[in-house]
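A short write-up of the structure that comes next.
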Amino acid sequence: MANKQVIIVGGGAAGMMAAIAARRQGAAVTILERNPRIGKKLLVTGNGRCNFTNIYADSACYYCQNPGFAAAAFARQDVPATIAFFEELGIAHKVEDLGKVFPMSDQASSVLDVLLYELNQCGVLVICDAQVTGITPKRQGFTLSTAAGSQYFADSVILAAGGKAMPSTGSDGNGFALAERLGHSVIEPFPGLVQLKLEGSFFKQIEGVKFVGTAELLSGRQSIAKDKGDILFGNYGVSGPPILQISRQAGQLLRNNQPASLKLTLFDMSQEAMDALLAARLAQAGAKTIEFSLVGLVNKRLIPVLLKQAGISDSRRPAAELSRREREKLSGILTDWRLPITGTKGWTSAQVTAGGVDTAEINPETLESRRVKGLYFAGEILDIDGQCGGFNLQWAWSSGCVAGQHAAL
Ligand SMILES: Cc1cc2nc3c(=O)[nH]c(=O)nc-3n(C[C@H](O)[C@H](O)[C@H](O)COP(=O)(O)OP(=O)(O)OC[C@H]3O[C@@H](n4cnc5c(N)ncnc54)[C@H](O)[C@@H]3O)c2cc1C
């Protein structure tokens, strides 16, 4: 029997992994990629260092409307298998804080280089500048058409066209339309791992100010999510790893028109302890103004904003004139600063897509469509997303491997 023809739509992390897996099973494999080169998004991952997996990643770490869906893919390609796969390709690895795994070279480009080398070495055909615009199931196999008017035939198709996050890399959501035209349902996508926009007219003033603290997402009085680390103010609101980690739930609250606010903790102590600290500091402030008495304790650019938030209008008054009530308001803000969330920064800055092709219509063991025989899915196009820290690429590798192996059979 002739080799099975497998066509992969999308040369991202999942598509490249699927291609290698299918080729290693003996299929004739072609990647159709709309960009002039494959792997564009991979180059920007991990701030250019590619956090390619996480030693704590397992199937329970993912959001999906169908919990447990990822388990079978992880049973086939788990984290040790991913690390071994890349070690074999030449990527020496190192584990950093919170289990994040990076190439020893600290270069995302080195991860792409070894994947390109392997694709070439094992004989995968890569066709770039080929945007797939139609996938038509035939009695036997599929025909795929591109924007340039070319047509291709495949026995099996793997749809690995990504989600909608960072559309400048090529994944702009058109894969969802392709899936829908093949009869699949798409759970409404929204940006995950994204910066948060906050209410307030002072953000331009504190743009670039960074602190190590806690970010907690609240809906009314209910705590929804919390994370700690480097938090950075932008002219729109906040970013930084803890913000990205809680952003999915924030986006979900906003979509459901539920109240969403952010509690920032600049000083990790009780309000009483903070108040005592401020009282002692003010007592020693001598002739200093209220504003100046905080220099050395709080970032200088934050001081006028925090004082204003505490309702302290004339901050040039002598420190001794700060009333107990004013001081208590200030210690309250330093330990519990509430800011209404007005939105997320949207698709252009998001790192992942929440939502996507409904996994209820997909066989978890093979990632084959339950609607169209011979059609497979891999990567972010599916309704699966993980936290920041290497989890999303791990899903791309696990799902790519499973889809590739089964599409080739
Ligand atoms: C800034 C940033 C940093 C990130 N950092 C990390 C990190 O450090 N660790 C981590 O785990 N995750 C990270 N992620 C997430 C991770 O990169 C993605 O989840 C992962 O790359 C998804 O892989 P994919 O192959 O499913 O999709 P993509 O990488 O988006 O690939 C899809 C490909 O399909 C192509 N395509 C789309 N439509 C068509 C079509 N119709 N025809 C032909 N080709 C098409 C696209 O051009 C693209 O090349 C980051 C994301 C961003 C945006």
Side-chain angles (χ1 to χ4, degrees), residues 7-19 30-54 57 61-62 79 82 96 99-103 106 108 111-112 115 126-135 144-148 150 152 157-179 181 191-195 239 241 244 345 347-354 356-357 367 377-382 384-400 403-404:
I7 290 189
I8 297 163
V9 181
M16 288 188 274
M17 179 56 119
T30 304
I31 295 179
L32 297 178
E33 165 59 52
R34 70 190 293 189
N35 285 332
R37 294 194 59 191
I38 60 172
K40 190 170 176 189
K41 186 174 281 179
L42 202 56
L43 292 175
V44 299
T45 57
N47 281 326
R49 293 171 61 220
C50 188
N51 175 197
F52 69 96
T53 186
N54 189 298
C61 300
Y62 294 86
V79 174
T82 296
E96 296 194 356
K100 296 178 197 159
V101 182
F102 291 89
D106 281 326
V111 178
L112 181 56
L115 285 167
V126 177
I127 301 177
C128 291
D129 293 312
Q131 167 151 11
V132 174
T133 49
I135 303 171
L144 292 91
S145 36
T146 67
S150 305
Y152 299 88
V157 170
I158 303 176
L159 200 42
K164 281 183 91 164
M166 217 187 199
S168 57
T169 59
S171 36
D172 60 0
N174 82 89
F176 297 136
L178 289 172
R181 270 186 267 140
L193 302 181
V194 65
Q195 299 86 339
S239 70
L244 299 189
K345 255 199 115 194
W347 291 115
T348 46
S349 358
Q351 290 197 6
V352 80
T353 307
V357 172
L367 299 184
F377 290 89
E380 204 174 302
I381 191 167
L382 287 165
I384 294 209
D385 58 289
Q387 293 266 299
C388 200
F391 296 89
N392 289 300
L393 280 174
Q394 178 56 46
W395 171 246
W397 313 130
S398 296
S399 57

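Counting convention: from 1, in listed order, for ligands and their atoms alike. Counting begins at 1 with the first residue of the sequence.
- Every atom of ligand 1 with a heavy atom of Gly10 under 4.0 Å away is listed here by number and element: 33 (C), 34 (O), 35 (C), 44 (N).
- How far CD1 of Ile7 is from OH of Tyr152: 8.0 Å, rounded to the nearest 0.5 Å.
- Using a 4.0 Å cut-off to heavy atoms of Asn35, the atoms of ligand 1 that qualify are 47 (O).
- The atoms of ligand 1 that sit less than 4.0 Å from any heavy atom of Gly379 are 26 (O).
- Contact annotation: for Thr169 versus ligand 1, heavy atoms closer than 4.0 Å belong to the backbone alone.
- Closest to atom 48 (C) of ligand 1 among all protein heavy atoms lies Glu33 OE1, 3.5 Å.
- Any N or O atom pair closer than 3.5 Å counts here, and Gly175 shares no such pair with ligand 1.
- Which of Ser168, Ser171, Cys50 comes nearest to atom 30 (O) of ligand 1 through a heavy atom is settled by distance: it is Ser171.
- One option in Gln394, Gln387, Glu380 has a heavy atom closer to atom 26 (O) of ligand 1 than any other, and that option is Glu380.
- Ion pairing between a basic and an acidic side chain is recognised when a charged N comes within 4.0 Å of a carboxylate O; Asp129 and Arg37 show no such pairing.
- Assignment of Ala130 to the shell around ligand 1 is supported, since a heavy atom sits closer than 4.0 Å.
- Annotation: Gly163 places no N or O atom under 3.5 Å from an N or O atom of ligand 1; distance criterion only.
- Within the 4.0 Å heavy-atom cutoff, Lys40 does not count among the residues contacting ligand 1.
- Ranking the protein heavy atoms by distance from atom 42 (N) of ligand 1 puts Val132 N, 3.0 Å first.
- Here the CG-CD distance, from Leu244 to Gln195, works out to 6.0 Å after rounding to the nearest 0.5 Å.
- Those atoms of ligand 1 with a heavy atom of Ala160 less than 4.0 angstrom away are 32 (C), 33 (C), 34 (O).
- Here atom 36 (N) of ligand 1 lies nearest to Arg34 when heavy atoms of Lys100, Arg34, Arg49, Gln131 are compared.
- The nearest protein atom to atom 6 (C) of ligand 1, hydrogens excluded, is given as Thr45 CB, 3.6 Å; this is a heavy-atom distance.
- At the shortest separation from atom 31 (O) of ligand 1 among protein heavy atoms lies Gly12 CA, 3.3 Å.
- Taking both residues in full, the closest heavy atoms of Val111 and Cys50 are given as CG2-SG, 4.0 Å, listed atom of the first, atom of the second, then distance.
- In terms of protein heavy-atom proximity, atom 27 (O) of ligand 1 is closest to Gly162 CA, 3.4 Å.
- Residue Leu32 touches ligand 1 through its backbone alone, judged by heavy-atom distances below 4.0 Å.
- Under 4.0 angstrom from ligand 1, the non-hydrogen atoms of Ala350 all belong to its backbone.
- Remark: side-chain polar atoms of Asn51 are not paired, donor with acceptor, to backbone N or O of Lys100 under 3.5 angstrom.
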Test log, rule side-chain contact (heavy atoms from CB on, under 4.5 Å), inputs Ile8 and Thr30: CA-CA 6 Å; Ile8 297 163; Thr30 304; over 6 Å; no
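- Atoms of ligand 1 found under 4.0 Å from any heavy atom of Gly170, numbered from 1 in the order shown, are 37 (C), 46 (C), 47 (O).
- Ring geometry, Tyr62 versus Trp395: the interplanar angle falls from 30° to 60°, so the pair is classed tilted.
- Panel note: side chain Glu33, backbone Gly11; a donor-acceptor pair is recorded below 3.5 Å.
- Contact detail for Cys128 and Asn35: the closest heavy-atom pair is CB-O, 3.2 Å.
- Atom CH2 of Trp397 is separated from atom OG1 of Thr82 by 8.5 Å, given to the nearest 0.5 angstrom.
- When Ala165, Ala13, Ala161 are ranked by how near their heavy atoms come to atom 23 (O) of ligand 1, first place goes to Ala13.
- In terms of heavy atoms, Ser399 sits closest to Gly379 at OG-N, 2.9 Å.
- When only interatomic distances are considered, the shortest N/O to N/O separation between Gly46 and ligand 1 falls below 3.5 Å.
- Taking every heavy atom of both residues into account, Ala13 and Leu42 meet most closely at CB-CD1, 4.3 Å.
- Contact annotation for Asn51 and ligand 1: heavy atoms of both the backbone and the side chain come within less than 4.0 Å of the ligand.
- Within the model, atoms CD1 of Ile135 and CZ of Arg181 stand 8.5 Å from one another, a figure rounded to the nearest 0.5 Å.
- The contact set between ligand 1 and Phe391, taken as ligand atoms under 4.0 Å from a residue heavy atom, comprises 11 (O).
- Checking Arg37, Met166, Gln351 against atom 3 (C) of ligand 1, the nearest heavy atom belongs to Gln351.
- A donor-acceptor contact closer than 3.5 angstrom links the side chains of Thr353 and Glu380.
- Using a 4.0 Å cut-off between heavy atoms, Lys41 contacts ligand 1 through its side chain alone, with no backbone atom that close.
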Worked verdict on Lys164 versus Phe176 for side-chain contact (heavy atoms from CB on, under 4.5 Å): CA-CA 9 Å; Lys164 281 183 91 164; Phe176 297 136; 3.8 Å; yes
